[in-house]
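Worksheet: the structure to be examined is printed underneath.
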Protein chains: 2
Amino acid sequence: MAPKDDLKKGSAELMVLAVIEDAPRHGYDIARSIDDRSGGVLRFHVASLYPMLYRLERRGWITGRWVEKAGQRRRRYYRLTPEGRRMLRQQRNEWHALFDALTRVAGLEPR
Amino acid sequence: MAPKDDLKKGSAELMVLAVIEDAPRHGYDIARSIDDRSGGVLRFHVASLYPMLYRLERRGWITGRWVEKAGQRRRRYYRLTPEGRRMLRQQRNEWHALFDALTRVAGLEPR
DNA sequence: CCATGATATATAGTCGCACCACATATGGCC
DNA sequence: GGCCATATGTGGTGCGACTATATATCATGG
């Protein structure tokens, strides 16, 4: 409806960390997963993705390694570090707290 | 716990619109309300407040008027415009959509 | 076999939100 | 008289997400 598909600050980060929680994935696959799982509500622009992956790697939350396979171009697979796991848990808590606060302050129905 | 008390993008906006939904309020009072209602989870810095009020007024979502009373310094009371009401409703929907999506994509328990 | 589209990674530049630091001013309290 | 809470305001910074653009490979079809 509203053509306002801005991501809120940090939400993309949380999603990326979450989708590589169980298994390593490469960039393009991460973006596709988010698109799929969100049902198109959240458009995650690829152009934002790679700078973010580098950022997360620079912080030590994820690590990437190049995988070359015959029949396809090189891909970089990212996985969570232990620190990344901690941050994922923390960010989930943070978002919960935000949601709770918004429910109280702004009358967001908690359905 | 975590020293990460960053507000997510647009959350402050939603809160401001919501707290003046029923009655006009002046800036300082708005900030205090948010602090109170959120139980201190969300620290809304006054320095962010006034620029935001001007922004919302420039967009035509709120209007302010000066009120001078004996025994206290001048205050500017803001109230929602009809457009502001529309935007408030829309932003609530947006945040709902975001949380629903985060629940699906990032495994945020919908408690 | 060449064109097109999906896959895959990457960089440059811009915009807007929230931050911190600082500034100014008045009323109430001890 | 000094301090704190109240109340509004400005300047600069940091950073996340955006648009636009670039490069390259693989699969498909005409």
Side-chain angles (χ1 to χ4, degrees), chain A residues 3-17 24-36 38 42-59 61-62 64-78 87 91 94-95 98 101-102, chain B residues 3-17 24-36 38 42-59 61-62 64-78 91 94-95 98 101:
Chain A
K4 226 262 194 175
D5 40 8
D6 250 44
L7 287 191
K8 309 306 178 185
K9 187 162 146 188
S11 63
E13 218 170 75
L14 170 61
M15 292 189 285
V16 167
L17 294 177
R25 287 168 181 269
H26 61 92
Y28 198 84
D29 192 33
I30 292 171
R32 207 171 30 195
S33 284
I34 293 175
D35 248 45
D36 288 351
S38 81
L42 304 177
R43 187 60 42 91
F44 190 30
H45 299 261
V46 277
S48 313
L49 176 65
Y50 294 99
M52 196 179 66
L53 290 174
Y54 308 147
R55 193 168 75 225
L56 294 176
E57 189 165 28
R58 204 169 55 244
R59 289 187 199 153
W61 299 4
I62 66 177
R65 80 186 167 86
W66 285 108
V67 174
E68 316 239 7
K69 252 198 265 188
Q72 60 189 20
R73 58 166 299 184
R74 62 178 197 157
R75 294 165 168 171
R76 194 160 166 82
Y77 281 81
Y78 291 94
M87 297 314 292
Q91 294 219 2
E94 244 180 71
W95 278 94
L98 178 67
L102 281 182
Chain B
K4 226 264 195 174
D5 40 9
D6 251 45
L7 287 190
K8 308 307 178 185
K9 189 162 145 190
S11 62
E13 218 170 75
L14 169 62
M15 292 190 286
V16 168
L17 294 176
R25 285 168 182 270
H26 62 92
Y28 198 83
D29 192 34
I30 292 172
R32 208 173 29 197
S33 284
I34 292 175
D35 248 44
D36 288 351
S38 81
L42 304 177
R43 185 60 40 91
F44 191 29
H45 301 260
V46 278
S48 312
L49 175 66
Y50 295 98
M52 196 178 67
L53 290 173
Y54 309 147
R55 194 169 72 227
L56 294 176
E57 190 166 27
R58 206 170 53 243
R59 288 187 201 152
W61 300 5
I62 66 178
R65 82 187 167 85
W66 284 109
V67 174
E68 315 240 9
K69 253 197 265 191
Q72 59 190 19
R73 55 165 305 185
R74 63 179 195 154
R75 294 166 168 170
R76 194 160 166 84
Y77 281 80
Y78 291 95
Q91 293 218 4
E94 245 180 71
W95 277 94
L98 177 67

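Keep in mind it's a predicted model, so treat the numbers as computed, not measured. Residue numbers begin at 1 in each chain, while the letters A, B, ... track the order of the sequences.
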Separation of C:dT7 C1' from A:Asp35 CG (nearest whole Å): 14 Å
Which residues pass the salt bridge (Lys or Arg N to Asp or Glu O under 4.0 Å) test with B:Arg55, sequence neighbours left out? B:Glu13
So does A:Asp35 pair up with A:Arg32, basic N to acidic O under 4.0 Å? no
Give every pair of a protein N or O atom and an N or O atom of nucleotides 13-17 of chain C that lie under 3.5 Å apart, one pair per line with the distance.
{"residue": "C:dC17", "atom": "OP1", "partner": "B:Arg59", "partner atom": "NH2", "Å": "2.7"}
{"residue": "C:dC17", "atom": "OP2", "partner": "B:Arg55", "partner atom": "NE", "Å": "3.3"}

Let me know, please, whether A:Pro51 or B:Ala47 comes out on the 5' side of the other along DNA chain C by nearest nucleotide. A:Pro51
To the nearest angstrom, the CH2-P distance between A:Trp66 and D:dA24 comes to 14 Å
What pair of heavy atoms forms the shortest contact from A:Gly27 to A:Leu53, and how long is it? CA-CD1, 4.0 Å
Euclidean distance, atom CG of residue A:Asp29 to atom P of D:dC26 [Å, nearest integer]: 18 Å
Given atom CG of B:Leu56 and atom P of D:dT8, what is their separation to the nearest angstrom? 15 Å
Determine, for A:Arg76 against A:Glu57, whether the closest basic-nitrogen to carboxylate-oxygen distance falls under 4.0 angstrom. yes
Phosphate contact (C:dA18 OP1 or OP2) by B:His45 side-chain N/O below 4.0 Å: no
Rounded off to whole Å, could you give me the CD-to-C1' distance for the B:Glu68 and C:dT26 pair? 12 Å
C:dT26 phosphate, OP1 or OP2: any side-chain N/O from B:Arg74 under 4.0 angstrom? no
Quick check: on DNA chain D, is the nucleotide nearest B:His26 upstream (toward 5') of the one nearest B:Ser48, or the reverse? Name the residue that is more 5'. B:His26
Tell me the interatomic distance from B:Glu57, atom CD, to D:dG9, atom P, rounded to whole angstroms. 10 Å
Between D:dA17 atom P and A:Leu49 atom CG, what is the distance in whole Å? 11 Å
Short side-chain N/O contact from B:Tyr50 to OP1 or OP2 of D:dT8, under 4.0 Å: yes
On the nucleotide D:dG9, are OP1 or OP2 found under 4.0 Å from the side-chain N or O atoms that B:Tyr54 carries? yes
Check whether any side-chain N or O of A:Tyr28 sits under 4.0 Å from OP1 or OP2 of C:dT9, and answer yes or no. no
Across all chains, not counting sequence neighbours, the side chain to side chain contact (heavy atoms under 4.5 Å, CB included) partners of A:Val67 are A:Arg65, A:Tyr77
B:Ser11 side chain to B:Leu7 backbone, donor-acceptor under 3.5 Å: no
Rounded interatomic separation in angstrom, taking CZ from A:Arg76 and P from C:dA10: 7 Å
Heavy-atom pair with the smallest gap, counting every atom of A:Ala47 and A:Pro51: O-CD, 3.2 Å
